[in-house]
Each structure stands twice: as structure tokens, then as C-alpha cells.
Amino acid sequence: MSGTRARARAVPAVFAASALVLAGCGAEGASDSGEWSPQQPIEITAPADTGGGWDTLARTSSRIMEDAGLVDQSVQVVNKPGGGGAIGWSYIANNAGDPHKLFVTSPPILFVPLAGESDYDHSDFTPISRLATEYMTYLVPADSPMDTFDDLVGELEDDPGAVSVAGGSAPGSMDHVALAGAADAAGVDAGELNYVAFDGGGEATTALLGGHVDAAVSGAGESMELIEAGEVKALAVSAPERVGVLPDVPTLTELGVDFTFDIWRGVMGPPDMSQEEISYYESVFAEMMEQDSWKEESSKLGWTDTYQDSAEFEAFLDEKHTEFVDILDEVGLQ
Amino acid sequence: MDTLTQLVSGFSVALSPENLLFVFVGVLAGTIIGILPGLGPMTAIALMIPIAFGMDPTTAIIMLAGVYYGAVFGGSTSSILLNAPGIAGTVATSFDGYPMARDGRAGKALAVAAIASFVGGTVGVVGLMLIAPTLSKVAVSFGPAEYFGLMVLGLTAVVSLAGKNVTKGLISAVVGVIIALVGIDSATGTLRFTFDRPELYEGIDFLIVALGVFALAEVFVLLSRRGHGGAQGGVTSLRLSKREVRAMTPSALRGSVLGFFTGVLPGAGATVASFLSYSTEKRIASDGDTFGSGNIKGVAAPEAGNNGAAIGSFVPLLTLGVPGSGTTAILLGALLVLGVQPGPMMLEQHPGVFWGVVASMYIGSIVLLILNLPLIPLFAKVLNTPKAVLLPLVVVFCVMGVYGLSFSVFDLWLLIGFGVLGFLMRANSFPAAPLILGLILGGLMERNMRQALQISGGDWSVFVTQPIPAVLLGLAAASLLPTVIGLIRRRRERADREREVPAA
């Protein structure tokens, strides 16, 4: 119901934007260059509070873009927290066709709508670039009898409910799906998992360190230090190939479990952007990732650069969406 | 001795002119941002992060830590003067701080807050220095079942915060717990009481409720009295008598220690610490019944508690790399970008950073005190402002604070709603403090209870077979005993009297 209402509000904007797109196409036909450049300051929305992952990405990008002189306009970061992203997304959706309003994004743009908590989903927006990716690790306490991912699978096969696994997000969201997908691929009944939702990765890891849960899923970046110090054992990482910061941790695929999970980060724009506008931003972000300052900061945060342009990013999102629908179906949350 | 040499080298780092300057900058910025409602330590740190980029990592951490405890301190000023808590951690300070200000003792209340904060900060730093590595084990020893016990113990404070009418206090607390239920249920992902409003999905921010039922409600009350009562102009000196110093010292010390240990627990934090310190002190103090009407112990305990906790929360951050709160999570992010990975190896890999930060905290506490004592008369002048000017200012303050949280007009309607609720509660003598307590602790209690049961596979015995939860729940039951016995005795007396009447 509320979805219809929100969309109805956006209708005039959509019309205006379609007109703009048509005008854009016309222009393309007329001139060979088809160049577009921003006419006013660029606004990057972080659909969350200051200080979170989205905010960090937005502020890092805007600073590097300005410092390196990649854009002629200034780049401002706007925080629109609320609804796990839903408030920020509806703000962008209501600015359809305004090529000066971008937002930073990551897997919740798929998960939150799947949970029925947003009127808009990834298909309502214009993918611009995927920038970087972090991977999930599957952890157990240092003194756990489990030493390998196979051990964990063994325990789960015996009695999936008896192994408590902590994660930092709500059921049906990121950490849970990273666990359920891996379990499912390893032949465990994902619907029977005992997933314990904590408020953020920090709390989940603390519960693991104290031995209150048997295992945990956590981003590779945030658990790197604890793994190196020997406080926890990393059984596997959800990357397609071993990650630089954790060279000794095997990937799931290496272990014969056909599953990968990306905590990707990227940039999207409002609905109805023209091809010229998309191309402009694609090249700006591609150039941004060439900067030394970006390389330095992203590696400190444990991110791996995995650039995709608009078309690849869109295909990637659709593919992930289908995959997650299947996993959630398996878990019984869809 | 090793600690001592390390600390000396830490001081040599912290006392460099550059670092001294940035301790000062951080503490000053933090204090100012903390005074403004809605802008808590989280925002303060986020705002300062761009400045920190490009700095030497140690200098940057020293500055950001200064911002953090500066903001925790600054929040108390608006709690005391305007009944408008600047941050969640200073709500408990307003219980006695604001009544003191209304009695014309604003200067004293602010001085007590400044000194107690200093004590809390100092005790915290000593704790951090001496036992941080050992404490990291304490920090992780608390799992969901243990937190559940702690929250239940905290909630029993309702009885002491309720004042004369325990029933009304309990009703208030239950309303608080109900407010805490709004939003996405973290255990199942279900939406609860959100009425299809995405603005409610993440729950109702604590500060909206606190500013509504305290500050805005106070404005309504003063308006309804048409010029009678309210803050009295006379701002007395901030000098404390010997008797007052003697009264507040033990409270501040107890609050510091309790606050520090609560802060060490990643799931608790400064807000819970200040409430626990306040309610514990109210129970221990011989004049506990005057708490809530301007007892300086009621200002000293929570202020020492929240500052002790602010320092305590650095223990899990620095020794485990685990952020205990939203604020330390932001700090962690900033550290990572600066190339310092806090965690078990930090003491070995970056000893200079660790000890530099510890030393700078000593210096920061002193700077905080020096900075704030002279400013107190200036701050307290706020109360000399005519009511016709002050009340609209408080309203602007509240609106700004709430709007600054989310930039959402919806939240402003919520603020007005809670203001009206607070006014109606006051008019019918329902205490507001238990509502706030229920809101903070109730949400945490529920979440931890369900996590514990999820882990145990639905077996309730985890709460009594584990030592820590069992002890905490036992303490909770014991602390309720006097009240329950009192109630039973009164009821029996009434029954006796009723029996005597027909006999006579």
C-alpha cells in the first residue's frame, strides 16, 4: 500500500526524467561527443548515520574525487539515516532523473527490500560502478575442537540446531545469508541452523571470544587482527580466491563448497539517468580507484578493488538477487 | 615497573607541543558539541575525523579520544541547566542536577559534575593502565545470559526511582519498555509497531524520548504555570563547602569504579553505567530519599559513572579491537583508516600509540577541568535569561537536536508527542525517570534474553546455572525484597485495621 503511495508521488518526477532522457537521446543523435558534465555540486548520499560503512565510503570517495580534481564541482556527503537504508533510498527515488544525486550502496540494497522493509529495490536505481569488495570469514574460538570447515559442517550435519552461530545482522540479512548459503552448498539443512543475531559485527565477535556461541560469521577486515593474534580460528573465507590479508585461510570453493559471498560496495544514482551521465560517472570512479590515496585507504579497510562498470554491475546485482531469493527460500524466510 | 617506564615514555609522547595542542582542541570541540542536544560523542567524532586524516596516528587518536570524553562531559551542562540531556549518558545527571539548578544551585551542580567527571576519568585511566590486558577477559566473559542478569538488576532501580508511588513508577517503566519494542525485531527480523513507517524501522531514538519527556515537558509545565516557579535566576557561587566535598567524594569514587567496569563490558556503555551508578548510590546513601530533589550525590555518581565508562570502553577497543558501542565503533573505523589496527597485538606493535593515548587521557582530564571550571559562571548565566526568551530557546534546542539526528520531520512530531506525554505524566504525578530506564534497559534486556535462549535452544535454566547471571538475578531479587516486604506489611496493617472496624 505504502509502496503505491510512494511511487505515485514519484510519478511527476519520472515524467520529467523521461523527458530528459528523450532529450538526451536526441542530443546524442545530433552531436558526436555526447559529453555530459555536472552543472551543480554533486551530492553523495550515505543512507545511514555518520560513521558507518556507507558513510566511510561516501566520505572517502568525495575527498579523493575533490583532492585529485576528478570533478569540476564540489562533492558533498549527505546522511539520510533510517529504516536500514529505506529512508535514503526513497529520498533518491524521489529525485529521479537528477544526475547530481548519487548514493553509496552495498548488499543491504538487496536484503532490505527482500525482507519487505523498503518500497524500492535495486532495480529502481541506476547502477553506476561497483568499487570494492570485502569477504566473509567463518570463525570459531581459539580453543574450539573444530579446526576445519569440514569439522563445522560435520557438527552441523549431526545436529544443526546444537551449533550456535553468531552474526552481526538480522535474520535474513547479510551475515545470515552468508552462513546459510555456505551451509546449503555444503549439504546442511539451512533452515535448521541456529543463527543468533547480534547488533553489529563487534557484538557477535565478542560473544565468540567469550565462548558464548560456537561459531561466528564476520567480515574479513574486522576479524583480521583477532585471527593473526590467534584469538580465533578462521575456518574459511567466502572469496573466490584467497585474500591478501588472510593468506593462510582457505576459500570455500577450495574446500569443495561451491559458494562465494561478496560484501561489495558501489555507487548508484537515481532512476532514469541518461547514458551520458552514467558514462561520465563511470570514468570518474574508475579514475578515483587509480589514485594512490584510494588504494592506500581501501587496503587499510581490508577492501579488495573489484571495479565493475554500470552494465556489469547491473548484471551482477540481478544475479545476486536471484541467488539470495533462493537462499532465503531455503532458510524459509522468503 | 615496566608499566611505569612505558607510561613515562607515553607522557613524553603526549606532552609534545603538537599533541598537547590537539588534546586541547579535541576536548574543547567535544565539550561544545556535547552541550548541544542531539549531537553526541558519535557525531562529534565523525565531525572531527576529516581533520584527523593526514595527522600522525597517535596525535589523531589523542584528539579523537579527547573529543569523546569531552562530549560525554559537555552533555551534562545542558542536562543540568535546561533539563535537556545533550547525550544519552547524561540523562541520569538531570534527575538531581536540574532540581539543583532550579534551587539556584546551578553553579554548584556544574562544579560537582566537572569534578566528578574528572574523578571518573582519572579512575578510568588508572584502571585502563593497570589492568586493561586482564580486563579484556572480563569484557568477553559477559554473554547474552550475563547481560540479561545485569539489565534485570538495573531495572529493579525502577522501585527506587519511582518515588512515593511504586505502582505509577512501574506503569511508567512498562511504557518505556513498550517504546523500546518499536522497530525491527533483531532476533527474527519482524517489524513491530512500525505502522508501515520506515522512519520507525530502526526504533525510536532514545534522545527523542528523553528530550520530549524531560525538556519539552518542562517547557509545557512552566507555560501552564504562567510565570510561577521554574528556574530561579540567582546563580550562586560554584564553590563547594567542605561538607559538600565530603558528601560527594565517596559517591564519585564508587560511581567511577562502577562506571569503569560497566564501560568495559561491550554491551553496556556510558548510559547504562550512569543509571547503575545513580541507582546504586541512591540505595547506599543515608539520605537516599532526597535523591531527585537536588542531592549533590545524585549528580556526582552518574557523572563519575559515565566518564569512567567512556574510558572503560577503550579496554575492549584497544585490547581486542572490538568496539563496545556506536561511538567506539566510529573510533575503530577512524583508527583503521589511520593505519592502526587496535587489538591483541596493539601493545606489541604500537606500544607508543597505546601509552601515548593513556597518558593523554590523564592530561585530557586535567584540561577538561581547567577548561570548564572557569566557564561555569558563564554557562550558568543561561538561567538568568528571562523565561520569555529561555523557553523558546529550549524548544529550538530540542528541535535542533532531534532534527540533527535524522533530518526527519517525522521525528519532530514524535518529539512533540513525547513532550505531551511527559506533560500529562507530570500533571498526574507519574515519574519520568522509570520510563527512560525501561526504554534503555528494557530493550537490551529483551534482546539479550532472546539471544541467550536462542543459544541454549530454549532452555531457561541458563539464567540460573551460570554463576554470573545467577548472582546478578539473585541481587536483583534481593534488592526488591525491602519494597515487597514493605508492601505486604502495609497491606496486612490495612487488613488488620479493616478487621478491627467491624469488631468495634
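Chain letters run A, B, ... following the sequence lines, proteins first and then strands; every chain starts at 1. The analysis underlying the following values was restricted to heavy atoms, covering all of them including side chains, and did not include hydrogens, waters or symmetry mates.
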inquiry  = Counting heavy-atom pairs closer than 4.5 Å to chain B, which one of Thr206(A), Val213(A), Leu208(A) comes out on top?
reply    =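 That would be Thr206(A).
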
inquiry  = Among Glu222(A), Met224(A), Glu231(A), His176(A), which residue has the highest count of heavy-atom pairs closer than 4.5 Å to chain B?
reply    = Glu231(A)

Proximal component of [X], with respect to chain B [non-hydrogen, under 4.5 Å]:
{"X": "Glu297(A)", "value": "side chain"}
{"X": "Leu209(A)", "value": "both"}
{"X": "Tyr195(A)", "value": "backbone"}
{"X": "Glu296(A)", "value": "neither"}
{"X": "Asp214(A)", "value": "neither"}

Minimum heavy-atom separation for [X] and [Y], please, with both atom names.
{"X": "Pro171(A)", "Y": "Ala187(B)", "answer": "CG-O, 3.0 Å"}
{"X": "Pro198(B)", "Y": "Ala86(A)", "answer": "CB-CB, 4.3 Å"}
{"X": "Tyr201(B)", "Y": "Gly83(A)", "answer": "CB-CA, 3.6 Å"}

task = Could you check which of Glu146(B), Arg450(B), Arg447(B) has the highest count of heavy-atom pairs closer than 4.5 Å to chain A?
result =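 Heavy-atom pair counts peak at Arg447(B).
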
task = Would you mind telling me which of Pro342(B), Ala139(B), Ser456(B) has the largest number of heavy-atom pairs within less than 4.5 Å of chain A?
result =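 Most pairs with chain A among the choices: Pro342(B).
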
Partners meeting side-chain hydrogen bond (donor to acceptor under 3.5 Å, both in side chains) with Thr188(B) (sequence neighbours left out) = Asp185(B), Thr190(B)

request  = Report yes if some heavy atom in the side chain of Gln451(B) is under 4.5 Å from a heavy atom in the side chain of His212(A); otherwise report no.
outcome  = no

For [X], does the [atom1] atom have more than 12 heavy-atom neighbours from other residues, nucleotides or ligands under 6.0 Å away?
{"X": "Lys137(B)", "atom1": "NZ", "answer": "no"}
{"X": "Asp158(A)", "atom1": "CG", "answer": "yes"}
{"X": "Phe193(B)", "atom1": "CZ", "answer": "no"}

key: Leu320(B) versus chain A, the contacting section by heavy-atom distance below 4.5 Å   =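 Contact with chain A: backbone and side chain both.
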
task = Examine whether an atom of Ile184(B) lies under 4.5 Å from a heavy atom of chain A, and if so say whether it belongs to the side chain, the backbone or both; otherwise answer neither.
result = side chain

query = How many angstroms lie between CD in Glu117(A) and CG in Asp196(B), if you round to the nearest 0.5 Å?
reply = 11.5 Å

key: Backbone N/O of Gln454(B) and side chain of Asn194(A): donor-acceptor pair under 3.5 Å   =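 Indeed, once roles are kept as given, a pair shorter than 3.5 Å links the two residues.
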
key: Glu202(B) (side chain) donor-acceptor with Gly84(A) (main chain) under 3.5 angstrom   =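 Answer holds: yes.
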
